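Written below as structure tokens is the structure these notes are about.
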Protein chains: 2
Amino acid sequence: MFFNRGDTAERVPGLGSSSACTLYDVAREAGVSTATVSRVVHGHDRVRSSTRQRVLEVIEALGYVPDSAAQSMARKRKEVIGLVAIEGRGPDTDIEQEGLLFIEEVLRGVEAPLSQVGWSVLISVLRGADWADAYRFLQKISAKVDGMLIAEGIVPSSQLARLAARVPVTLVAGSPGEPNADVVHADNRSGTEALVRHMIEQHGMTRLFYVAGPPEAPDARERRRVFEETLAGYQGVRLAGCFEGRFAAISGQLAVREILAAPRRERPDAIVCGNDQMAIGAMRELHTAGVRVPADIAVAGFDDMYLGALLAPPLTTVRQPMRLLGERACAILLDRIADPTLPHRVERLATTLVVRESCGCPG
Amino acid sequence: MFFNRGDTAERVPGLGSSSACTLYDVAREAGVSTATVSRVVHGHDRVRSSTRQRVLEVIEALGYVPDSAAQSMARKRKEVIGLVAIEGRGPDTDIEQEGLLFIEEVLRGVEAPLSQVGWSVLISVLRGADWADAYRFLQKISAKVDGMLIAEGIVPSSQLARLAARVPVTLVAGSPGEPNADVVHADNRSGTEALVRHMIEQHGMTRLFYVAGPPEAPDARERRRVFEETLAGYQGVRLAGCFEGRFAAISGQLAVREILAAPRRERPDAIVCGNDQMAIGAMRELHTAGVRVPADIAVAGFDDMYLGALLAPPLTTVRQPMRLLGERACAILLDRIADPTLPHRVERLATTLVVRESCGCPG
DNA sequence: CTGTTAGCGCCTTCAC
DNA sequence: GTGAAGGCGCTAACAG
């Protein structure tokens, strides 16, 4: 009586998307107004339960699902946030997954607060383009979301300002000085200091080599600076050398080749790397050369990538809470979407030393 | 004369999203109709170039960006596709990143055809829920996209049918038998056969141990089956044992413990694993136990994860073209969105042997 | 409790 | 070349 087409699931002809039915179809079929249907769809009370029941049946029978574009339009809210990564256009094109490995963890974090409210993530990677293109791209994304998370790459402050004028933006691991966006970033200092202290005080090392990330990256610069400063605080400990890498595994390999090419006497006690990828590359090269880790030379990284723990020996590193970064950034973004007048926020998350075996500690 | 508010970038008060301006604002400010603005926004010709110029200036000054919800509504196209992963709810909660590592590569592939047309990806991970929840979730996503890619996890065929009635669906690495969706999947056979042949013919191995993935996973089953069948084709070669793992690194470790607990005489020549994660776990445990790879026991995996190449020794494995899977799936989906009447499609991509050193080949 | 009625912002014929 | 006007599907007052 309420409907007469039989189960909609049955009438699928091929694979094509068949005609989606609308609120009106449901209303007509159930003999009520669209407002009522809308009410039951959203679980509002003021509806007689028999009416609700009837509407629900029709919805089920027709397989009705509200169109999100229409909802966004009427509600002025899309329930989608954008997560964007801007892939570096450094000298090397050797990005070597560097990017997404990071984004992936962040994404996991972002999902948490989002799934609680039932929103979704629109993810996009912007590859090496000029700034004008990049801006157009970001603009286009901004039209599809209620807020954006920029998780990698640098956007000029002026562009950020214009973007932020349209939708709230929060930077993940961005520069804390940015005035046009909220930002959540890792405290590279705490972990790096702890690592250096550990190497020196626990293992009595006196000659540390550093493999740095690219100088364009603020994180790389900060890690390196803190490393050197901390080292300088110790008597009798010195920087055995430094290699400027690009955060890719190959950089670690190259650094090791350079080290092994030098006289044996000058070899460092340990090689500390600006991220885990380079540490992995270093360990691999050391292994190939027959140098034992950590017996002959210790190695340490930064990030605490999932696979570091599976290496032989397991990698000692500094943990950067990437997932938490994503989670906090998303929570902050959601807050601001709810109330755009909130004051500017910057949140700093601690990094911590993760001692495993590549530094010389027992397994 | 055309506008009088100054550069919009200047009038950003705080961080909040300020009032977004509409097509009407632009039309009014430029002294033309909305139709004309729409024409210039979309680069249609029939517009006098002086008019176009004026409109463009106003757009720039006002920072106008068309609202995508309104566009979707009018055009009945969202320019977004959904990529969903359904995280396994196996006995172990030990998902151990298993999921996203895969999704990530697929995502990279998906991005290619998508960025060409300027569309975006809505990504969502559905965690262990019952089927009714899962279906509601998928339905909700379906309302936000023009088509969906299901890249992990199994959806009952009946649900798929109902989903497909709303939007086109293509399965990435799904079961090729599914009638309600297009599917792109890897040919687990070719690579597995090549691997077994290599181990036996090149290395003269006669005792192979297999670490399988969970039997619920079609891929795991197929790999195992092909492995055993191929083995059976050789005289004097036998299955030295089998361990049923769950595609996680710990499974590989457990398998090795079991192997090492047995009498030394019974040790296999090689341990072939159903995926790289388990192979990595196995290598790690072997290393811990002082068993040399590949000298004492060789190891091989499946997938060709990025990090396999960085291990010591580098992992011999079967390459599954995950990125290509994503790319093809997305291309097929786009085709079907463009023309829903297309015939059902199934695409099978070859897997290939990647010989590195863990099988005993020279570096 | 339930129905009526404006829009939301844009696209797209159809006239001029 | 350009403007006017009718929807797209849904929500949210405002009336009953």
Side-chain angles (χ1 to χ4, degrees), chain A residues 17-56 58-59 62-80 139-140 142-146 166-167, chain B residues 17-56 58-59 62-80 139-140 142-146 166-167:
Chain A
S17 53
S18 69
S19 60
C21 75
T22 77
L23 198 59
Y24 288 95
D25 298 326
V26 177
R28 180 165 18 81
E29 211 76 10
V32 298
S33 75
T34 60
T36 298
V37 177
S38 182
R39 287 187 190 105
V40 351
V41 167
H42 294 85
H44 293 192
D45 16 17
R46 313 313 195 102
V47 177
R48 191 190 305 156
S49 89
S50 65
T51 309
R52 172 189 308 285
Q53 188 54 39
R54 183 152 37 102
V55 172
L56 248 19
V58 175
I59 287 178
L62 260 40
Y64 168 71
V65 179
D67 179 79
S68 74
Q71 289 187 137
S72 312
M73 181 115 223
R75 272 201 289 232
K76 301 179 142 305
R77 183 132 292 177
K78 308 183 169 61
E79 304 205 335
V80 173
Q139 251 190 175
K140 180 157 186 189
S142 79
K144 296 185 173 182
V145 304
D146 293 319
R166 303 191 46 74
V167 297
Chain B
S17 52
S18 69
S19 58
C21 75
T22 77
L23 197 60
Y24 287 95
D25 298 326
V26 177
R28 180 167 13 84
E29 212 75 9
V32 298
S33 74
T34 59
T36 298
V37 178
S38 181
R39 289 189 188 103
V40 352
V41 167
H42 295 85
H44 293 190
D45 16 17
R46 314 313 196 105
V47 178
R48 192 188 305 156
S49 89
S50 65
T51 309
R52 172 190 307 285
Q53 188 54 38
R54 184 151 37 99
V55 171
L56 249 19
V58 175
I59 286 177
L62 260 41
Y64 168 72
V65 179
D67 179 79
S68 73
Q71 288 188 136
S72 312
M73 180 115 221
R75 271 202 289 232
K76 301 179 141 306
R77 183 133 291 178
K78 307 184 170 62
E79 304 204 337
V80 173
Q139 250 190 177
K140 181 158 186 190
S142 79
K144 296 185 173 181
V145 304
D146 293 319
R166 303 191 45 74
V167 297

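Values in this document were obtained by computation on a predicted structure and should not be read as measured data. In what follows, every heavy atom counts, from backbone to side chain, and hydrogens, waters and symmetry copies are set aside. Order of the sequence lines sets the chain letters (A, B, ...), proteins ahead of strands, with each chain counted from 1.
In this entry the distance linking NZ of A/K78 with P of C/dC8 reads 14 Å, nearest Å. Between the CG atom of B/D67 and the P atom of D/dC8 there is a distance of 19 Å, rounded to whole Å. Per the geometry, NZ belonging to B/K144 stands 15 Å off P belonging to D/dC10, to the nearest Å. Whole-Å rounding puts the B/H42 NE2 to D/dG1 P distance at 20 Å. In this structure, B/R48 places its CZ atom 7 Å from C1' of D/dG1, rounding to the nearest Å. Taking atom CG of residue B/L23 and atom C1' of nucleotide D/dA5, one finds them 14 Å apart after rounding to whole Å. In this entry the distance linking CE of A/M73 with P of C/dC11 reads 10 Å, nearest Å. Regarding B/R77, its CZ atom lies at a distance of 15 Å from the C1' atom of C/dC11, rounded to whole Å.
Within the structure, every side-chain polar atom (N or O) of B/Q71 is placed at least 4.0 Å from both OP1 and OP2 of C/dG9. Phosphate contact (OP1/OP2 of C/dT2, side-chain N/O of A/T36, threshold under 4.0 Å): absent. Proximity of A/R46 to the phosphate of C/dT2: no side-chain N or O atom is located under 4.0 Å from OP1 or OP2. A close approach under 4.0 Å does not occur between any side-chain nitrogen or oxygen of A/T34 and OP1 or OP2 of C/dG3. Remark: A/K76 is not in phosphate contact with C/dG7, judged by side-chain N or O atoms under 4.0 Å from OP1 or OP2. Between A/S38 and D/dT11 there is a side-chain N or O to OP1 or OP2 distance below 4.0 Å. Here A/Y24 does not reach the OP1 or OP2 of C/dT4: none of its side-chain N or O atoms lies under 4.0 Å away. For C/dG3, the OP1/OP2 oxygens have a side-chain nitrogen or oxygen of A/S33 closer than 4.0 Å.
Here the closest heavy-atom approach between residue A/S72 and residue B/A69 is recorded as CB-CB, 3.6 Å. Counting all heavy atoms, side chain and backbone alike, B/D67 lies closest to A/A143 at OD1-O, 4.2 Å. The shortest heavy-atom contact between A/E79 and B/K144 is O-NZ, 3.0 Å. Heavy atoms only, all atoms of each residue included: B/R166 and B/S142 are closest at NE-OG, 3.4 Å.
Judged by closest nucleotide on DNA chain D, B/R52 is the one of B/A74 and B/R52 placed further toward the 5' end. Projected onto DNA chain C by closest heavy-atom contact, A/A70 and A/T51 fall at different nucleotides, the more 5' of which corresponds to A/T51.
Among the heavy atoms of the strands, none lies under 4.0 Å from B/S72.
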**Request:** For side-chain contact (heavy atoms from CB on, under 4.5 Å), just list the numbers for B/T36 and B/R52, CA-CA rounded to whole Å, side-chain angles, deciding distance to a tenth of an Å, and then say yes or no.
**Result:** CA-CA 8 Å; B/T36 298; B/R52 172 190 307 285; over 6 Å; no
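Taking the side chain of A/A35 as heavy atoms from C-beta on, and the options D/dC10, C/dT4, D/dT2, the nearest nucleotide is C/dT4.
Between the side chain of A/R39 and the base of C/dG3, a donor-acceptor pair under 3.5 Å is found.
Judged by distance alone, the side chain of A/D146 and the main-chain N or O of A/K78 form a donor-acceptor pair under 3.5 Å.
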